[in-house]
Amino acid sequence: MLYIVGLGLGDEKDITVKGLEAVKSCERIYLEHYTSILTVPTDRLEALYGKKILLADREMVESDLNAILKDADSINVAFLVVGDPYGATTHTDLVLRAKELNITVTSIHNASIMNAIGCCGLQLYNYGQTISIVFFLDNWRPDSFYDKIKQNRAIKLHTLCLLDIKVKEQSIENMARGRKIYEPPRYMTVNQAVEQLLEVEEKRQEKGGDIRFIYSPTTIGVGMSRIGAPDQRIICGTLQELLEADFGEPLHSLVLAGEMHFLEADILKTFAINVDTFNQYAQVSDH
């Protein structure tokens with residue numbers, strides 16, 4: 001059997017009892033190591049499981065699924081995912097490949113940023129489409145997320161922004177030359193994400209026409225880091241204020257607030273950098 005096990009967001013103890021029992025029954029254990037990271041090193045997991053863990057990087061997961069699935073029709077194999085197993089579409093590919101090989105798949109769910117984001121006080125059913133923000137390059141500055149934010153804000157919904165991480169990535173030059181040389185890990189900060197968002201808005205306005213601002217430096221946002229860990233941070237402010245805030249270690253997430261119920265605003269205000277500024281710019285409904 002192939003077990004796909006969600007690990008939750010914090011440390012090694014966030015695995016469920018069902019997940020831990022499954023992992024301990026497995027002969028091989030892989031840890032997906034590029035869509036997200038835990039807040040503790042791998043050896044902490046190995047100490048709890050009493051098993052060796054194999055790191056599954058992007059290259060293995062996207063190009064060598066057969067290695068992960070080898071003999072999984074006769075032995076138990078675990079594939080561990082930070083958060084929930086289906087927070088990344090890549091893992092759906094693994095399930096499809098297993099089914100093609102007539103391998104039984106059992107998924108064991110856990111908390112992910114998609115639901116834990118509720119800790120900031122903005123209610124989950126008031127979120128619209130989730131977007132991803134990737135690192136800009138000199139000659140590649142994708143802004144396809146802008147239209148989704150526009151749609152969300154048109155119907156007054158919040159937007160969860162997932163921020164880019166780069167683990168075991170090659171430079172374009174090394175990739176072109178076939179050199180297995182990898183760049184140091186990078187994790188996008190809330191500050192970088194806000195800077196890129198404001199750049200995109202500015203460039204959209206420069207195109208002219210009657211396009212109104214979708215968001216601006218005075219838009220209320222919520223920056224979060226290491227959700228689920230003891231040192232998690234939740235900081236609310238205008239995008240201009242968030243540019244300068246200290247969010248600590250990765251991983252970071254960002255929410256653009258839409259119209260808030262007054263109870264949402266009351267909770268979010270407790271995380272505000274400046275309450276007067278929050279009161280000035282927050283869009284709050286009285287019903």
Side-chain angles (χ1 to χ4, degrees), residues 2-12 14-15 19 22-23 26-49 51-72 75-98 100-101 103 105 107-108 110 112-114 132-135 137 140 142 162-189 192 226 228-229 249-253:
L2 172 67
Y3 287 103
I4 304 184
V5 182
L7 297 181
L9 293 172
D11 58 27
E12 75 279 11
D14 283 353
I15 191 171
V23 168
C26 291
E27 295 190 27
R28 287 200 319 277
I29 303 169
Y30 296 92
L31 173 61
E32 186 267 289
H33 194 58
Y34 69 92
T35 61
S36 190
I37 58 170
L38 279 179
T39 61
V40 295
T42 305
D43 57 9
R44 291 265 294 267
L45 278 68
E46 292 178 330
L48 177 63
Y49 305 159
K51 303 260 186 175
K52 180 68 177 176
I53 292 176
L54 305 169
L55 293 182
D57 58 21
R58 181 187 295 273
E59 185 176 350
M60 170 178 277
V61 175
E62 294 186 348
S63 305
D64 197 13
L65 293 181
N66 288 340
I68 296 174
L69 296 172
K70 182 181 178 182
D71 301 325
I75 64 172
N76 287 344
V77 176
F79 185 76
L80 311 181
V81 181
V82 177
D84 187 80
Y86 298 104
T89 55
T90 298
H91 309 135
T92 304
D93 293 339
L94 179 62
V95 173
L96 290 172
R97 181 58 181 155
E100 289 173 0
L101 297 173
I103 295 170
V105 179
S107 302
I108 301 176
N110 210 320
S112 77
I113 194 63
M114 304 291 285
S132 296
I133 304 176
V134 301
F135 282 111
L137 302 177
W140 187 65
L162 303 178
L163 310 188
D164 199 8
I165 71 173
K166 299 291 187 186
V167 178
K168 201 177 179 182
E169 298 278 340
Q170 293 175 275
S171 68
I172 295 175
E173 179 182 355
N174 285 329
M175 189 181 301
R177 295 178 180 274
R179 297 187 298 215
K180 297 291 185 180
I181 300 174
Y182 300 99
E183 302 294 299
R186 289 191 298 153
Y187 308 97
M188 182 179 286
T189 65
Q192 290 170 316
R226 296 172 67 83
E249 297 297 313
L251 293 174
H252 292 188
S253 301

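One distance of note links CG of L54 with NE2 of H33; it measures 12.5 Å at 0.5 Å rounding. Note that the CG atom of L80 and the OH atom of Y49 stand 5.0 Å from one another [nearest 0.5 Å]. The line from CD of Q192 to CD1 of I133 is 11.0 Å long, rounded to the nearest 0.5 Å. With rounding to the nearest 0.5 angstrom, the CD atom of E12 is 6.0 Å from the CG atom of L48. The CG atom of D164 lies 13.5 Å from the NE2 atom of H252; values are rounded to the nearest 0.5 Å. In this structure, D11 CG and I15 CD1 are separated by 11.5 Å, a value rounded to the nearest 0.5 Å.
Counting only distance, with no hydrogens or angles, the side chain of E46 and the backbone of I53 share a donor-acceptor pair below 3.5 Å. With S107 contributing its side chain and I4 its backbone, the two residues share no donor-acceptor pair below 3.5 Å. For the pair R186 (side chain) and F135 (backbone), a donor-acceptor distance under 3.5 Å is absent. Between the side chain of N110 and the backbone N or O of D14 there is at least one donor-acceptor pair closer than 3.5 Å. With hydrogens and angles disregarded, no donor-acceptor distance shorter than 3.5 Å links the side chain of K51 to the backbone of I29. Using modelled atom types, one side-chain atom of R28 and one backbone atom of I68 make a donor-acceptor pair closer than 3.5 Å.
Contact annotation: the side chain of L162 approaches that of S132 to within less than 4.5 Å [non-hydrogen atoms, C-beta and beyond]. Side-chain contact between P142 and V134 is present, with at least one heavy-atom pair separated by less than 4.5 Å. Contact annotation: the side chain of L7 approaches that of L45 to within less than 4.5 Å [non-hydrogen atoms, C-beta and beyond].
Smallest separation of non-hydrogen atoms from Y30 and A67: OH-O, 3.3 Å. Considering all non-hydrogen atoms of both residues, V23 and A78 come closest at CG2-CB, 4.4 Å. Closest approach of I108 to P85, counting heavy atoms only: O-CG, 3.5 Å.
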Could you check L101 against R97 for side-chain contact (heavy atoms from CB on, under 4.5 Å), going step by step and ending with a plain yes or no? CA-CA 6 Å; L101 297 173; R97 181 58 181 155; 3.8 Å; yes
Start with the C-alpha distance between L251 and I113, add both sets of side-chain angles, then the distance that settles side-chain contact (heavy atoms from CB on, under 4.5 Å), and finish with yes or no. CA-CA 10 Å; L251 293 174; I113 194 63; over 6 Å; no
Show your working on side-chain contact (heavy atoms from CB on, under 4.5 Å) between M114 and D84 and close with a plain yes or no. CA-CA 9 Å; M114 304 291 285; D84 187 80; over 6 Å; no
Applying side-chain contact (heavy atoms from CB on, under 4.5 Å) to I103 and V77, what does each step give before you reach the verdict? CA-CA 10 Å; I103 295 170; V77 176; over 6 Å; no
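Considering only residues two or more places apart in sequence or on other chains, R226 meets the salt bridge (Lys or Arg N to Asp or Glu O under 4.0 Å) condition with D231.
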